[in-house]
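Inspection log for the structure reproduced underneath, given as structure tokens.
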Amino acid sequence: MKKTSIWLEEKDTLPINTLNKDLNVDILIIGAGITGMSLAYQLRCEKLNICVVDANLVGQGVTSRTTGKLTYLQGIIYSKLYKNKSLKISKLYLESQQEAIKEIKNIINKEKINCDFENTSSYLYAGTQKKIKELKKEKIILNKLGIKTNELIGNNFYAFYVSDTAVFHPLKYIYALKKICLKKKINIYEKTKITDIKLIKNLYKCQANNNIIYAKKVIIACHYSFFLIPMLLPIKTNNEQSYIMAYKNKINEHKSFISVDNQTKSYRFHNNYKIVLSNSHIISNHLNRKENYLELINDIGKYYPDYIWSNDDLITIDSLPYIGKIKNNLFIATGYNTWGMTNGTIASKILKDLILNKPNKYEELFAISRTINLKSIKNSFVDIYDNTKSFIENKLFPNKSWYQNVTFERKNNLPLATVYDEIGKHTIINRCPHMKCSLIYNQFEKIWECPCHASKFDIDGKCLKGPSKKDISYKE
Ligand SMILES: Cc1cc2nc3c(=O)[nH]c(=O)nc-3n(C[C@H](O)[C@H](O)[C@H](O)COP(=O)(O)OP(=O)(O)OC[C@H]3O[C@@H](n4cnc5c(N)ncnc54)[C@H](O)[C@@H]3O)c2cc1C
């Protein structure tokens with residue numbers, strides 16, 4: 001069993017450059033996931049000096065741990081948008097997702113990208129009366145929006161499906177975009193972390209490792225922003241974590257499935273593997289991550305995972321992403337509600353238009369300044385309450401009953417945590433540099449996780465994933 005995503009078997013064979021000089025650019029894209037690389041691709045033919053930087057390696061963030069479905073059937077999103085907003089908004093969101101799938105197909109065909117793209121049917125299904133009722137409503141809304149659906153009715157389940165959706169290998173796609181962008185003289189700097197952004201006169205001064213990048217326009221495409229952004233984004237979003245495994249399966253069914261039952265399950269096929277996602281929870285809950293992994297393995301029962309991993313994505317209060325302008329020449333795209341393959345792609349088209357001062361029909365739909373109505377806020381209260389409760393509990397009681405070989409102490413006025421393993425002793429500062437939350441130890445992956453905003457650190461405190469900009473290593 002490999003504790004890594006199946007997609008990470010695919011290696012990037014292209015050159016890896018790290019920034020070692022100051023730069024002056026027209027456009028700086030921070031983050032080389034599906035959002036950043038798709039945007040670089042969209043801008044490749046403009047006469048602009050473009051630079052993409054990534055704290056890690058191209059595509060190795062959240063994008064490398066997705067299930068890689070390209071679908072507009074996304075749970076009961078359309079009835080939710082209809083209920084909380086309007087039929088017009090439901091329709092616009094549907095169009096954005098269909099356009100994104102079409103765009104990915106076009107890019108793959110035009111650039112002859114070999115990324116295991118496959119047309120598949122997408123199924124939504126439910127097994128309880130309450131959820132079946134909700135699913136039937138979703139079908140009615142989709143039909144109203146002009147989507148033809150096919151039903152399957154069983155004794156204890158109900159399902160419907162559409163056939164114009166797809167799956168692909170996300171990393172093969174991203175590496176192909178990298179190759180095209182490099183050919184077009186777009187500079188891509190990996191292992192280059194941005195830690196500060198300041199607007200000085202008309203230029204953004206960005207601290208990148210030990211160098212400075214001066215940029216006319218900056219795009220934050222780094223999943224969760226590493227600086228506090230206006231318009232209360234941190235409290236209008238929440239991180240959801242899920243567990244995924246891939247195991248050998250003789251048949252490739254050319255179908256993908258998602259349940260809308262209380263515990264979401266999602267399946268797809270890739271070559272000789274079946275990929276299963278389950279056990280989703282907001283990150284401040286279900287803190288015993290090892291147990292969550294074991295539950296997934298037990299749930300699947302007779303199959304033993306060849307690959308197993310987890311992933312987290314940003315969920316927004318009103319189920320729509322935040323894509324657009326923060327201020328002046330600063331832009332952001334985030335909050336994809338676990339549908340970033342399509343939303344990251346549509347974000348690249350929207351941001352291209354905004355950067356070039358052109359109108360875009362989705363600008364208002366995804367604007368970060370949009371008002372959130374009371375109905376949406378009500379639905380999110382539980383998450384806000386859970387987050388706050390977990391923050392306080394973790395501060396007061398860092399030592400969990402299920403921890404083995406983990407101890408806590410205060411030294412030099414710092415809260416320290418030590419893990420003992422076969423190599424020896426590993427001490428870290430038990431405080432996330434981002435917003436000072438206490439961390440939890442994930443015994444399955446041997447990493448420290450922030451249960452507030454999903455920063456991750458290795459056993460010795462090296463930051464693996466933001467929004468934290470700093471390590472939490474402790475030297476005696
Ligand atoms: C369990 C799960 C399953 C999913 N399955 C699907 C699916 O089937 N279909 C679908 O459409 N979506 C799916 N998603 C959603 C999708 O994976 C994400 O929304 C999408 O990958 C986010 O892409 P991104 O480019 O915004 O972020 P990322 O891929 O995380 O890219 C951001 C990059 O920014 C870099 N970065 C961060 N901070 C800095 C910094 N300070 N300086 C420089 N670089 C920085 C990171 O290293 C990273 O490479 C799933 C999500 C989850 C959690």
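Keep in mind that this is a model prediction, so the values were computed, not measured. Both counts, for ligands and for their atoms, begin at 1 and track the order of listing.
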Just to confirm my output: which protein heavy-atom neighbour is closest to [atom], and how far is it?
atom	answer
atom 8 (O) of ligand 1	Thr67 OG1, 2.6 Å
atom 44 (N) of ligand 1	Ala55 N, 2.9 Å
atom 24 (P) of ligand 1	Thr35 OG1, 3.5 Å
atom 9 (N) of ligand 1	Lys69 O, 2.9 Å
atom 19 (O) of ligand 1	Asp313 OD2, 2.8 Å
atom 27 (O) of ligand 1	His223 CB, 3.6 Å
atom 42 (N) of ligand 1	Ile194 N, 3.0 Å
atom 13 (C) of ligand 1	Thr338 O, 2.9 Å

Do [X] and ligand 1 have an N or O pair less than 3.5 Å apart?
X	value
Thr63	yes
Ile30	no
Gln60	no
Asn311	no
Arg65	no
Leu57	no

Have a look at [options] and point out the one with the heavy atom closest to [atom].
atom	options	value
atom 15 (C) of ligand 1	Gly340, Ala100, Ala333	Gly340
atom 28 (P) of ligand 1	Thr66, Asp312, Val62	Val62
atom 36 (N) of ligand 1	Cys222, Ser310, Pro467, Ser242	Cys222
atom 46 (C) of ligand 1	Asp54, Asn56, Leu277	Asp54

Ring-plane angle category for Tyr293 and Phe444, please: parallel below 30°, perpendicular beyond 60°, tilted otherwise.
parallel
Parallel, tilted or perpendicular, judged at 30° and 60°: which one describes the rings of Tyr247 and Tyr303?
parallel
For Tyr123, the option from Phe160, Phe257, Tyr267 that meets ring pair (Phe, Tyr, Trp, His ring centres under 6.0 Å)
Phe257
Quick one: do the [X] and [Y] side chains pair a donor with an acceptor below 3.5 Å?
X	Y	result
Glu445	Asn442	yes
Thr316	Asn337	yes
His281	Tyr243	yes

Minimum heavy-atom distance [X]-[Y], with the two atoms named:
X	Y	answer
Cys51	Val25	CB-CG1, 3.8 Å
Ala246	Ile6	CB-CD1, 4.0 Å
Thr66	Trp7	O-NE1, 2.8 Å

Within a distance under 4.0 Å of any heavy atom of [X], pick out the atoms of ligand 1 and give their elements.
X	answer
Gly33	25 (O), 29 (O), 31 (O)
Thr342	11 (O)
Ile34	23 (O), 25 (O)
Ile244	1 (C)
Gly31	33 (C), 34 (O), 35 (C)

Given that the side chain starts at C-beta and the backbone is N, CA, C, O, which of these parts of Trp339 lies under 4.0 Å from ligand 1, counting heavy atoms, or is it both or neither?
both
State yes or no: are the ring centers of Tyr93 and Tyr362 separated by less than 6.0 Å?
no
For the aromatic rings, using the six-membered ring if either is Trp, is the centroid distance between Phe157 and Tyr125 under 6.0 Å?
no
For residues 22-46, which residue pairs qualify under ring pair (Phe, Tyr, Trp, His ring centres under 6.0 Å), counting only residues two or more places apart or in two chains?
none
Taking side chain to side chain contact (heavy atoms under 4.5 Å, CB included) as the definition, give me every residue that meets it alongside Ile16, ordered by chain and number, with sequence neighbours left out.
Leu57, Lys178, Glu190
Heavy-atom contact check, 4.0 Å cutoff: does Gly344 meet ligand 1?
no
So is Thr192 touching ligand 1 or not, going by heavy atoms under 4.0 Å?
yes
Does the SG of Cys437 lie under 2.5 Å from the SG of Cys452?
yes
Return yes if some donor-acceptor pair links the side-chain N/O of Asp460 with the main-chain N/O of Ser473 below 3.5 Å, else return no.
no
